[in-house]
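Here's the structure we're looking at; comments come further down.
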Amino acid sequence: AQTVTQSQPEMSVQEAETVTLSCTYDTSENNYYLFWYKQPPSRQMILVIRQEAYKQQNATENRFSVNFQKAAKSFSLKISDSQLGDTAMYFCAFMYSGGGADGLTFGKGTHLIIQP
Amino acid sequence: DSGVTQTPKHLITATGQRVTLRCSPRSGDLSVYWYQQSLDQGLQFLIQYYNGEERAKGNILERFSAQQFPDLHSELNLSSLELGDSALYFCASSVVPGGGRNTEAFFGQGTRLTVV
């Protein structure tokens, strides 16, 4: 079974700064997906960014980018030019891309606070 | 708005009771996932259905069951409720199972269950 670890329970940065959230995972699989989800106070789970394990190129979505290190099983999220609306819980998640169990395995989350 | 509708939004019930949570997936989505978010366990995958058939099981208790109906809506039944079952229950849907592009899972806003 896979596990996902987020070692930073809470982080706080000033608006416009860059922040990096850490995530490590453990799996014996070779084909999988990794995700970062955002959960604002509204409770809605919102997909921020996705990375396919077979792709070496790091995914980017506007101000959000990842540093995917497959050998190290590390998947960090970088948020550039942080905004007040980025304040939320951020969850790193894993999904096996083969058949069988297709649910997401989540980390415990990092509470990110953007200070004005 | 993700297009996934969960009802009710809030539910308060007593220990030992049974409740049913309902999920209507996005139009055209055939796959439905159920997740539980609690303070103790974090976000956990419970069960997945695809086009009416159970596809994958996660950490779902025997007291819990689910089904997906011909119109593709899904229900999660929780019975013999305990205090520890208090949690936020999410439904997510995707066109088909998987985590790749065009198979993204969209989450509903959740049902907050409180067992007293």
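Everything quoted here is computed from the prediction, not taken from an experiment. Sequence lines set the chain letters: A, B, ... in the order given, protein chains first and strands last, and positions in each chain run from 1.
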Original post:
Does CG in B:L83 sit with more than 12 non-hydrogen atoms of other residues, nucleotides or ligands closer than 6.0 Å?
Top reply: yes
**OP:** State the NZ-CZ distance between B:K9 and A:R43, to the nearest 0.5 angstrom.
**Re:** 8.5 Å
Original post:
If two hydrophobic side chains count as joined below 4.5 Å and joins carry through other members, does B:L46 share a cluster with B:L72?
Top reply: no
**OP:** Using non-hydrogen atoms and a 4.5 Å limit, figure out which bit of A:F91 sits close to chain B: side chain, backbone, both or neither.
**Re:** side chain
**OP:** Check whether B:Q41 gets within reach of chain A through its side chain, its backbone, both or neither, counting any heavy atom under 4.5 Å.
**Re:** backbone
**OP:** Under 4.5 Å heavy-atom distance to chain A, tell me which part of B:Y50 shows up: side chain, backbone, both or neither.
**Re:** neither
**OP:** Check whether more than 12 heavy atoms from other residues, nucleotides or ligands sit under 6.0 Å from atom CG of B:D71, and answer yes or no.
**Re:** yes
Original post:
Any chance CD1 of B:I12 has more than 12 other-residue heavy atoms, nucleotides or ligands included, within less than 6.0 Å?
Top reply: no
**OP:** Could you check B:L88 against A:Q39 for side chain to side chain contact (heavy atoms under 4.5 Å, CB included), going step by step and ending with a plain yes or no?
**Re:** CA-CA 13 Å; B:L88 187 56; A:Q39 187 178 38; 4.2 Å; yes
Original post:
Between OH of B:Y35 and CG of A:L104, what distance do you get to the nearest 0.5 Å?
Top reply: 3.5 Å
**OP:** Please round to the nearest 0.5 Å and tell me the distance separating atom OH of A:Y37 and atom CZ of B:F107.
**Re:** 5.0 Å
Subject >> A:Q14 atom CD: more than 12 heavy-atom contacts under 6.0 Å >> reply: yes
Original post:
Counting heavy atoms not belonging to A:K73, are there more than 12 under 6.0 Å from its NZ?
Top reply: yes
Original post:
Picking from B:S2, B:G110, B:G108, B:G42, which has the most non-hydrogen pairs under 4.5 angstrom with chain A?
Top reply: B:G108
**OP:** Could you tell me the separation between the CZ atom of B:F106 and the CD atom of A:Q44, rounded to the nearest 0.5 Å?
**Re:** 10.5 Å
Subject >> Greater than 12 external heavy atoms within 6.0 Å of A:E10's CD >> reply: yes
